[in-house]
Amino acid sequence: MAVIPVDIAGRPYEVRVGAGLLAELVPHCRGQLRKRPVPIVTDANVHAAWGAVVETALTASGHEPHWRILPPGEGTKSWEQLAATVDWLLAEEVERGDNILALGGGVIGDLTGFAAAITKRGCRFIQLPTSLLAQVDSSVGGKTAINTPAGKNLVGAFHQPSLVLADLAVLDTLPERELRAGYAEVVKYALIGDADFFAWCDMNGAAMLAGDAALREYAVAYSIAAKAKIVAEDEHETTGIRALLNLGHTFGHALEAETHFSDFLLHGEAVALGMVLAARYSARRGLMPRAGADHVAAHIAAVGLPSEISALRLDCDGSELTAHMLHDKKMDAGTLPFLLMRGIGETFLARDVELGDIAAFLDEELRR
Ligand code: GLY
């Protein structure tokens, strides 16, 4: 098992990574479950797959799980489900010092974390992420949110969990496509700041996705440690350091918006394409060697992730894609900061990018 500290000033916590953590939930919580009743928020799919394991782990240690089982899917990150979950927590008489368990992927973690943030002005919560994407990204760092008609994640709070338990056993039951989509966020850490880890991904990514347990533990623990370091330096995304975690997300978000945030393109797949586009655009501007951008695209394609937007056969042009970017919550004084690369492992925040130039670049990519 790997234990990764997240050194947030005044509120440090641990992320534990290993196989079988859900079955040993109570000892891993090390006294953080104070009372017999334990409120748990999850979705119906995760409950079907892991509910019995968690139920047994809690009851065997003398706790009484109180489940709130929500519909699966992005639609659950809504005002309605937030209000109903907060009302439920209040009916459960949750106190600030109690921990609410969030058992699920990013949707459950984001909704439960936000409900915890606003109930009684802030209750504690424990993240039990059940997707690769949630383990290496959304469960760590304290971003919580819901979606509104104006866009995704536009209403939320920074609220750090008190513990994250990333059980690698859950990866064995994930659909292959979802696992690959989560892997895009693993590659992201390499592209942001570590060419050696990109070489590791090149060498081991396919075997890790195929199920090698040691490689999975290494990839998840490495990614969480990379994120923990960034979050500890810039918890509230004010200095530009945490913004590096958005590599591939501006292009990716435009593609997700164009495809209506549907299963046509999963978030991780959009990020994978977005990182290829960021690399190619960087090369087009002479910031990064062309060979480096080709290497990024080749790795993304080699693990079965989408690497060409032309293959999506979208019925749009570059300016329609950049129009989606104008609604990005990273817009700052009318300009959109972009994450570009000077090479693999050398991502930086550029503030001089013209959306018209991005639109022309995207027109070329759509026709490739
Ligand atoms: N997923 C980006 C962040 O946590 O900042």
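Start at 1 with the first residue, then count along the sequence. Computed from a predicted model, the values in this text were never measured in an experiment. Numbering of ligands and ligand atoms starts at 1, following listing order. The analysis underlying the following values was restricted to heavy atoms, covering all of them including side chains, and did not include hydrogens, waters or symmetry mates.
- Taking the six-membered ring for Trp and the full ring otherwise, the centers of Phe251 and His324 sit at least 6.0 Å from each other.
- The six-membered or imidazole ring of Phe198 lies near that of His299, with a centre-to-centre distance under 6.0 Å.
- Counted by atom type alone, Asn153 and Lys143 present zero donor-acceptor pairs between their side chains at under 3.5 Å.
- Under the salt bridge (charged side-chain N to carboxylate O under 4.0 Å, His left out) criterion, no residue pair touches residues 243-254, with sequence neighbours excluded.
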Enumerate, one pair per line, all nitrogen or oxygen atoms of ligand 1 lying under 3.5 Å from a protein nitrogen or oxygen, stating the separation to 0.1 Å; write 'none' if no such pair exists.
from     : atom 1 : to     : atom 2 : distance (Å)
ligand 1 : 1 (N)  : Asp137 : OD1    : 3.0
ligand 1 : 1 (N)  : Asp137 : OD2    : 3.3
ligand 1 : 4 (O)  : Lys227 : NZ     : 2.6
ligand 1 : 4 (O)  : Arg242 : NH2    : 2.8
ligand 1 : 5 (O)  : Lys143 : NZ     : 2.9
ligand 1 : 5 (O)  : Arg242 : NE     : 2.7
ligand 1 : 5 (O)  : Arg242 : NH2    : 3.3

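- In summary, the side chains of His267 and Glu269 do not present any donor paired with an acceptor at a separation below 3.5 Å, with no hydrogens or angles considered.
- The six-membered or imidazole ring of Tyr222 lies away from that of Trp200, with a centre-to-centre distance of 6.0 Å or more.
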